[in-house]
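Only one structure is covered here, and it is reproduced in the block below.
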Amino acid sequence: MATSRDRLGTLEAEGSSGRQGYSGVEVVLSSDPATPAPLCPHGPTLMFVKVNQGKEETRRFYACSACRDRKDCSFFQWEDEKLSGARLAAREAHNRSCQPPLSRSQCVERYLKFIELPLSQRKFCQSCQQLLLPDDEEKHHEHQVVGDVSITQLKRPSKLLYPLENKKTNAQYLFADRSCLFLVDLLSNLGFRRVLCVGTPRLHELIRLKESGGTKSNIRSLLLDIDFRYSQFYMEDSFCHYNMFNHHFFDGKAALEVCKTFLQEDKGEGVIMVTDPPFGGLVEPLAVTFKKLIAMWKEGHSQDNSQKELPIFWIFPYFFESRICQFFPSFCMLDYQVDYDNHALYKHGKTGRKQSPVRIFTNIPPNKIILPIEEGYRFCPLCQRYVSLENQHCEHCNSCTSKDGRKWNHCFLCKKCVKPSWIHCSICNHCALPDHSCKGPKDGCFICGELDHKRSACPNISTSKKVNKAVRKQKQRKSNKMKMETTKGQSMNHTSATRKKKRRERTHQYLCS
Ligand code: SAH
Ligand code: ZN
Ligand code: ZN
Ligand code: ZN
Ligand code: ZN
């Protein structure tokens with residue numbers, strides 16, 4: 001079996017960065033079509049293996065690709081486990097029962113009825129996150145219902161719906177208007193006519209808003225997202241209920257065809273894919289999915305175009321640079337800092353702004369991508385790309401080396417630029433934080449156990465630290481509770497208290513050094 005790995009720190013990372021050894025769960029991607037993975041409500045599951053102290057245990061298991069929390073999807077099966085017919089049937093029934101109550105075409109039908117209603121009858125139930133038709137009202141009379149839903153509001157569902165912030169599944173962080181407008185203008189200036197939005201609902205709606213506003217932009221957009229609440233607001237040709245961790249279309253072949261047609265139109269010319277996946281890890285299954293979308297786009301090509309690549313914007317934290325470039329060597333990371341609305345830390349604020357660690361990875365030549373001067377970017381003629389003002393060109397490295405927006409310093413012993421907070425440690429023989437512990441592992445990296453690099457060079461360093469912290473905190477909180485319950489689909493009831501708590505948990509996970 002051809003296997004490859006991805007660190008899945010969020011699943012079961014244990015211990016702190018100061019500990020000798022690492023325990024965790026890694027995803028094992030099999031390319032063997034003879035043993036298809038069993039299905040959970042979110043499509044084909046992924047195979048995982050437990051790793052202790054860098055050594056893997058041999059028994060592998062299947063778990064949900066989309067939900068990294070057992071309470072969102074409880075699927076579990078050992079690789080070698082044989083299930084009885086009765087259990088398989090029960091599983092199938094369970095999978096069916098987890099699907100959205102309405103079919104895609106029923107949603108469209110409801111939407112068409114809804115927009116025909118007079119303003120005074122257009123209601124939205126906040127408790128159920130649902131547009132209501134007159135017949136539904138009775139069922140919702142004790143719920144939080146807002147009335148007079150305008151067409152303008154219908155065109156901005158990401159403002160009507162609350163963001164699903166559970167970090168382990170949806171991790172819905174919506175673009176701040178500034179970043180979203182920047183993206184729409186950029187796409188239009190680059191001449192794209194179609195945008196495949198994978199997990200970017202707010203970008204999708206802004207593209208459509210500009211389009212219908214009759215301004216210059218002439219761009220169409222198709223949204224693929226696992227959040228089926230969006231199916232209430234869009235026709236079949238502009239939204240597909242989709243899982244980006246296993247390339248699963250919940251509405252089967254018809255939805256897959258929508259996506260295929262969209263990518264292959266105009267012989268594949270003028271289309272770009274923009275994606276902003278949850279930051280919880282899983283780079284490899286995402287890369288596998290994106291390669292499938294690329295292949296779908298390529299099928300519609302004539303032979304002479306075979307060298308061309310599907311243009312992509314993959315929005316992700318900068319510390320994933322080496323992982324992403326490993327799978328997509330033609331990608332480079334732009335210096336632009338992507339800001340979010342519901343992310344207190346990465347918001348542009350009056351009190352001074354915490355810099356966002358989120359960047360755009362792309363195969364479009366960076367010299368074509370103009371970053372806004374008024375937001376503090378400048379063009380570096382030597383690097384032939386736009387960089388942030390603080391990112392100074394290092395004559396020794398011959399590049400603008402900063403990754404995090406701060407000014408980095410060149411270390412002549414390490415022969416490279418390093419973060420301003422680091423100093424050279426003669427024991428470790430490289431630069432590190434002044435208060436680091438020099439007792440690193442004798443053999444290999446103690447985050448991932450690989451022998452070819454040390455912890456400091458581990459592509460997972462920033463995430464695993466945060467994840468470990470978050471996991472420890474969570475463990476304390478849950479200490480006496482073993483949560484094994486099964487929840488049906490995504491719960492739509494949310495109190496503001498749990499939302500606040502989730503916000504706090506998220507803060508721990510996504511802060512970067
Ligand atoms: N910044 C983007 C939103 C990114 S948040 C914007 O403003 O448009 C991540 C998005 O990915 C959310 O919309 C979430 O619903 C979606 N998502 C999370 N898990 C997913 C999965 N497994 N498959 C597809 N979409 C997913
Ligand atoms: Zn699942
Ligand atoms: Zn340098
Ligand atoms: Zn150094
Ligand atoms: Zn040291």
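Just follow the structure's listing: the first ligand is 1, and inside any ligand the first atom is 1.
- If you look at Tyr242 next to ligand 1, the close heavy atoms, those under 4.0 Å, all belong to the backbone.
- Without hydrogens or angle criteria, Gln77 side chain to Phe61 main chain gives no donor-acceptor distance under 3.5 Å.
- Heavy-atom proximity to Phe245, at under 4.0 Å, picks out these atoms of ligand 1: 22 (N).
- A donor-acceptor contact closer than 3.5 angstrom is absent between the side chains of Arg202 and Gln172.
- Judged by distance alone, with hydrogens and angles left aside, the side-chain atoms of Asn95 form a donor-acceptor pair with the main-chain N or O of Leu39 at under 3.5 Å.
- Using a 4.0 Å cut-off between a side-chain N of Lys or Arg and a carboxylate O of Asp or Glu, Arg178 and Asp341 do not qualify as a salt bridge.
- Atom numbering of ligand 1 starts at 1 in the shown order; those under 4.0 Å from a heavy atom of Asp227 are 15 (O).
- Within ligand 1, the atoms closer than 4.0 Å to a non-hydrogen atom of Leu203 are 8 (O), numbered from 1 in the order shown.
- Note: an N/O pair closer than 3.5 Å links Ile226 and ligand 1 by distance alone.
- Electrostatic pairing of Glu390 and Arg406 does not count as a salt bridge here, judged by no charged N lying under 4.0 Å from a carboxylate O.
- Remark: Asp185 engages Lys210 in a salt bridge, criterion side-chain N to carboxylate O under 4.0 Å.
- Side chain of Asn363 to backbone of Leu310: a donor-acceptor contact under 3.5 angstrom is found.
- Heavy-atom proximity to atom 16 (C) of ligand 1, evaluated over Leu224, Asp225, Val198, Leu223, is greatest for Asp225.
- Ring centers of Tyr230 and His241: at least 6.0 Å apart, outside the cut-off.
- The Zn ion (ligand 3) has no N, O or S atom of His396 inside 2.8 Å of it.
- Between Phe290 and Pro277, the shortest heavy-atom contact is CZ-CG, 4.3 Å.
- Annotation for ligand 1: atoms under 4.0 Å from non-hydrogen atoms of Tyr340 are 1 (N).
- Below 4.0 Å from some heavy atom of Ala66 lie the following atoms of ligand 1, by number and element: 22 (N).
- Atoms of ligand 1 lying under 4.0 Å from any heavy atom of Met244, numbered from 1 in the order shown and given with element: 11 (O), 21 (C), 22 (N), 23 (N), 24 (C), 25 (N), 26 (C).
- Within His410, the N/O/S atom positioned nearest the Zn ion (ligand 3) carries the name ND1.
- No hydrogens or angles considered: a donor-acceptor pair under 3.5 Å links the side chains of Ser221 and His204.
- Looking only at atom types and distance, the side chain of Thr289 has no donor-acceptor partner in the side chain of Asn246 under 3.5 Å away.
- Note: angle at the Zn ion (ligand 3), from SG of Cys417 to SG of Cys394, is 100° (rounded to 10 degrees).
- Using a distance-only test at 3.5 Å, with no hydrogens or angles considered, a donor-acceptor pair links the side chain of Gln384 to the main chain of Pro381.
- Between Lys403 and Glu321 a salt bridge is recorded (basic side-chain N to carboxylate O distance below 4.0 Å).
- Near Leu174, the atoms of ligand 1 lying under 4.0 angstrom from a non-hydrogen atom of the residue are 7 (O).
- Listed by chain and number, the protein N, O or S atoms at a distance under 2.8 Å from the Zn ion (ligand 4) are Cys411 SG, Cys414 SG, His424 ND1, Cys431 SG.
- When each atom of ligand 1 is checked for a heavy atom of Asn243 under 4.0 Å away, the hits are 21 (C), 22 (N), 23 (N).
- Taking only non-hydrogen atoms, the option from Cys240, Pro201, Gly199 nearest to atom 10 (C) of ligand 1 is Gly199.
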